[in-house]
Amino acid sequence: MRAVEIIQKKRDGRELTSEEIAFFVRGYSEGSIPDYQMSALAMAVYFKGMTARETADLTLEMARSGDQVDLSPVKGVKVDKHSTGGVGDKVTLVLAPLAAAAGVPVAKMSGRGLGHTGGTIDKLEAIAGFSVELSRERFFEQVNEIGVAVIGQSGNMTPADKKLYGLRDVTATVDSIPLIASSVMSKKIAAGADAIVLDVKTGSGAFMKTLDDSIALAQAMVDIGTEVGRNTVAVISDMDQPLGFTIGNALEVKEAVDTLRGKGPRDLEEICLLLGAHMLVLGGQAKDEDEARTILKRHIADGSAFEKLKQLVAAQDGDVSQIEHTDKLPAAAKQVEVKAKQAGIVQAIQAEEIGTAAMVLGAGRETKESVIDLAVGIELRRKIGDAVQTGDTLAVLYVNDERKIEEASARVLEAYRIGPDPIGNKPLVYAIVTKDGVKRL
């Protein structure tokens, strides 16, 4: 088998065999296939695409390139959740304890963020003492004992994907649905879950800006899950404005706590109920979504979901008092209001610009070496459809470095589009994708 012949075959739009895909991925991982040949194959895939079977084979090979987690020591049906990323996306902080309270074991490995805010792991580290490193044995024990554990990803999971991802970034092949889908799903499969719920964001603050592209990505990932025997459901949710009201690590922890106490933003609670309902159905804890939602709402109302978060924090050496009294979480030295320059109705919020403003303040990483300030961030006071008068507060900046105020304020103002026209309610969820097809809502 020769790499150049495989490249030529895909260049000509023909379907690669499982053996050819395995040969290429293993060769690239081991170094016998150089970057320039993998670049050529990635470009051929970009233009010619891959079938569901090819994409599944690529996914499995990348999953096999490094550590794979065997979750069989954990009792029950393990359901993983993954988001394609968005601004203010603190869903895992709510959903992991909520699903665990409802009887679905959550053995979750999460990453750190590179961008507007930290990832789930960074956010949890806003809680003093919280340890994101557990031995494999302790990880399993904790899930069996309290139903949930959230840890950092293994350093050697899907090394082929990490290597290919870095190459795609510099060869203009990032925006390839088979390559994106296989990248996401290889990590989920290596993490060992029995079933997977995907939150695929769409809009200005998402990786996929259009609904059609988001649905296509969701279909590709669901197809992969189906091909490899993992029951997979994808929810297409809105990211044309930040989720909830806060962007920033400690701020998002507080908002997650509020949501588990039944006092959170409507959009955050709703997306957690929807994703959680699918987790319960896939995990065998409810017969349908309606029953699942009822169960989840009960666990919020009776306080058991919040108690599960406290158990999670205590089990991983975090300071539970910071969850019980969120004013003890890291706090910024200064709050700065960003005020509206005109009256009208908020027509749009460029979510990515808000995320960049939070990163400017120090809430995220511009490079891998950047150090996150866990206390800083942004709280939105107006969202799409809200009326504003000149001088009303659009957002509050939580600041430690006053040199960043001017740029962050300007970006927030730039993100808001205010006009005279009333605007209807924006959908939170656009579609559900399963192995049976796409259901538009």
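The analysis underlying the following values was restricted to heavy atoms, covering all of them including side chains, and did not include hydrogens, waters or symmetry mates.
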Participant: Would you say the side chain of Leu198 lies within less than 4.5 Å of the side chain of Lys81, judging by non-hydrogen atoms?
Facilitator: no
Participant: Do you know which two heavy atoms are closest between Ala100 and Lys308, and how far apart they sit?
Facilitator: CB-CG, 3.9 Å
Participant: Could you walk me through whether Thr120 and Leu124 satisfy the side chain to side chain contact (heavy atoms under 4.5 Å, CB included) test, starting with their C-alpha distance in whole Å, then the side-chain angles of each, then the deciding distance to 0.1 Å, before giving a yes or no?
Facilitator: CA-CA 6 Å; Thr120 298; Leu124 286 168; 4.1 Å; yes
Participant: Do the side-chain N and O atoms of Lys209 and Ser204 include a donor-acceptor pair separated by under 3.5 angstrom?
Facilitator: no
Participant: Any side-chain heavy-atom pair from Gln142 and Gln316 closer than 4.5 angstrom?
Facilitator: yes
Participant: Could you pull out the closest heavy-atom pair between Leu260 and Val94, with the gap in Å?
Facilitator: CD2-O, 3.6 Å
Participant: Whether the Asp175 and Tyr46 side chains hold a donor-acceptor pair (N or O, under 3.5 Å, no angle test) is what I'd like checked.
Facilitator: no
Participant: Check for a donor-acceptor pair, side chain of Lys188 on one end and backbone N or O of Val184 on the other, with a separation under 3.5 Å.
Facilitator: no
Participant: Side-chain contact test, heavy atoms from C-beta onward, threshold under 4.5 Å: evaluate it for Leu309 versus Ile323 and give yes or no.
Facilitator: yes
Participant: Tell me whether the count of non-hydrogen atoms from other residues, nucleotides or ligands lying under 6.0 Å of NZ in Lys426 goes above 12.
Facilitator: yes
Participant: Examine distances only and state if a side-chain atom of Lys334 and a backbone atom of Ala332 form a donor-acceptor pair shorter than 3.5 Å.
Facilitator: no
Participant: Might you point out which heavy atoms bring Glu324 and Phe306 nearest each other, and give the distance in Å?
Facilitator: CA-CZ, 4.3 Å
Participant: Heavy-atom distance under 4.5 Å between the side chains of Lys90 and Leu268, does that happen here?
Facilitator: yes
Participant: Which heavy atom of Asp199 sits nearest to which heavy atom of Ser237, and what is that distance?
Facilitator: OD1-OG, 2.6 Å
Participant: Where do Ile349 and Pro242 come nearest, in terms of heavy atoms and distance?
Facilitator: CG2-CD, 4.1 Å
Participant: Would a distance-only check, ignoring hydrogens and angles, find a side-chain to backbone donor-acceptor pair under 3.5 Å from Thr84 to Lys201?
Facilitator: yes
Participant: Do Asp373 and Asn400 pair up side chain to side chain, a donor and an acceptor below 3.5 Å, judged on atom types alone?
Facilitator: yes
Participant: Heavy-atom distance under 4.5 Å between the side chains of Leu397 and Lys404, does that happen here?
Facilitator: no
Participant: Give the intermediate values and the outcome of side chain to side chain contact (heavy atoms under 4.5 Å, CB included) for residues His278 and Leu274.
Facilitator: CA-CA 7 Å; His278 285 290; Leu274 179 57; 4.0 Å; yes
Participant: Would you say Gln322's side chain and Lys328's backbone share a donor-acceptor pair under 3.5 angstrom?
Facilitator: yes
Participant: Compute whether any side-chain donor of one residue and acceptor of the other, for Asp302 and Ser304, lie under 3.5 angstrom apart.
Facilitator: yes
Participant: Indicate whether any N or O donor in one side chain lies under 3.5 Å from an N or O acceptor in the other, for Ser214 and Thr202.
Facilitator: yes
Participant: Counting neighbours of CD on Glu414 that are heavy atoms of other residues, nucleotides or ligands and sit closer than 6.0 Å, is the number greater than 12?
Facilitator: no
Participant: Please step through salt bridge (charged side-chain N to carboxylate O under 4.0 Å, His left out) for the pair Asp194 and Arg230, ending with a clear verdict.
Facilitator: CA-CA 6 Å; Asp194 301 313; Arg230 309 289 174 94; over 6 Å; no
Participant: Do side-chain atoms of Ser186 reach the backbone of Ser183 as a donor and acceptor pair under 3.5 angstrom?
Facilitator: yes
Participant: Can you list the steps and then say if Asp386 with Arg381 is a salt bridge (charged side-chain N to carboxylate O under 4.0 Å, His left out)?
Facilitator: CA-CA 9 Å; Asp386 289 343; Arg381 294 288 176 85; over 6 Å; no
Participant: With side chain to side chain contact (heavy atoms under 4.5 Å, CB included) as the criterion, how do Leu243 and Val87 come out once you've worked through the C-alpha distance, each side chain's angles and the decisive distance to 0.1 Å?
Facilitator: CA-CA 6 Å; Leu243 185 62; Val87 182; over 6 Å; no
Participant: For Glu61, is there an ion pair with Arg64 - N to carboxylate O distance below 4.0 angstrom?
Facilitator: yes
Participant: Think Lys383 forms a cation-pi with Phe245, using NZ or CZ under 6.0 Å from the six-ring centre and within 45 degrees of its axis?
Facilitator: yes
Participant: Less than 3.5 Å apart, any donor N or O on the side chain of Thr246 or Glu379 sitting next to an acceptor on the other?
Facilitator: no
Participant: Taking atom types as modelled, is there a side-chain donor on Gln350 or Gln241 under 3.5 Å from an acceptor on the other?
Facilitator: no
Participant: How far apart are the C-alpha atoms of Asp319 and Ser321, what are their side-chain angles, what is the distance that settles it, and do they pass the side-chain hydrogen bond (donor to acceptor under 3.5 Å, both in side chains) test?
Facilitator: CA-CA 5 Å; Asp319 183 350; Ser321 74; 2.6 Å; yes
Participant: Hey, what do you get for CD (Gln219) to CD1 (Ile224), rounding to the nearest 0.5 Å?
Facilitator: 12.0 Å
Participant: Around atom CG of Asn425, are there more than 12 heavy atoms from other residues, nucleotides or ligands closer than 6.0 Å?
Facilitator: no
Participant: Walk me through whether Glu145 and Arg138 qualify under salt bridge (charged side-chain N to carboxylate O under 4.0 Å, His left out).
Facilitator: CA-CA 10 Å; Glu145 287 167 6; Arg138 181 57 199 149; 3.2 Å; yes
Participant: Do we see a donor-acceptor contact under 3.5 Å between the side chains of Ser131 and Asp317?
Facilitator: no
Participant: Looking at Asp122 and Arg365, is there a salt bridge between them, counting it only when a charged N and a carboxylate O are closer than 4.0 Å?
Facilitator: yes
Participant: Under the salt bridge (charged side-chain N to carboxylate O under 4.0 Å, His left out) criterion, do Glu141 and Arg136 qualify, and how do the steps go?
Facilitator: CA-CA 9 Å; Glu141 287 172 6; Arg136 193 66 58 88; over 6 Å; no
Participant: Ignoring hydrogens and angles, tell me if any N or O in the side chain of Asn144 forms a donor-acceptor pair with the backbone of Lys75 under 3.5 Å.
Facilitator: yes
Participant: Got a sec: does the OH of Tyr165 have more than 12 other heavy atoms crowding it under 6.0 Å?
Facilitator: no
Participant: My understanding is that only one of Thr158, Asp80, Asp161, Thr59 makes a side-chain hydrogen bond (donor to acceptor under 3.5 Å, both in side chains) with Lys187; could you say which?
Facilitator: Asp161
Participant: Answer yes or no: is there a side-chain heavy-atom contact under 4.5 Å between Met38 and Phe24?
Facilitator: yes
Participant: Tell me, with the steps shown, if Val396 and Ile378 meet side chain to side chain contact (heavy atoms under 4.5 Å, CB included).
Facilitator: CA-CA 6 Å; Val396 177; Ile378 299 170; over 6 Å; no
Participant: Can you find a pair of side-chain heavy atoms, one from Tyr28 and one from Lys163, that are under 4.5 Å apart?
Facilitator: yes
Participant: Whether the Thr393 and Glu337 side chains hold a donor-acceptor pair (N or O, under 3.5 Å, no angle test) is what I'd like checked.
Facilitator: yes
Participant: Spell out, as yes or no, whether a donor-acceptor pair under 3.5 Å connects the side chain of Tyr416 to the backbone of Arg382.
Facilitator: yes
Participant: Looking at CG of Leu428 and CG of Asp238, how far apart are the two atoms once the value is rounded to the nearest 0.5 Å?
Facilitator: 6.5 Å
Participant: So which heavy atom on Ala102 is nearest to which on Ile295, and how close?
Facilitator: CB-CG2, 3.9 Å
Participant: With side chains defined as the heavy atoms from C-beta onward, is the minimum distance between Leu296 and His299 less than 4.5 Å?
Facilitator: no
Participant: Tell me whether Glu252 contacts the main-chain N or O of Gly248 through its side chain, where contact means a donor paired with an acceptor under 3.5 Å.
Facilitator: yes
Participant: Hydrogens and angles aside, do Thr226 and Lys435 bring a side-chain donor and acceptor to less than 3.5 Å of each other?
Facilitator: no
Participant: So how far is it from Arg440 CZ to Leu211 CG, rounded to the nearest 0.5 Å?
Facilitator: 5.0 Å
Participant: So, Lys263 and Glu269, do they make that salt bridge, N to O below 4.0 Å?
Facilitator: no
Participant: Should Glu30 and Arg26 count as an ion pair when the cut-off is N to O under 4.0 Å?
Facilitator: no
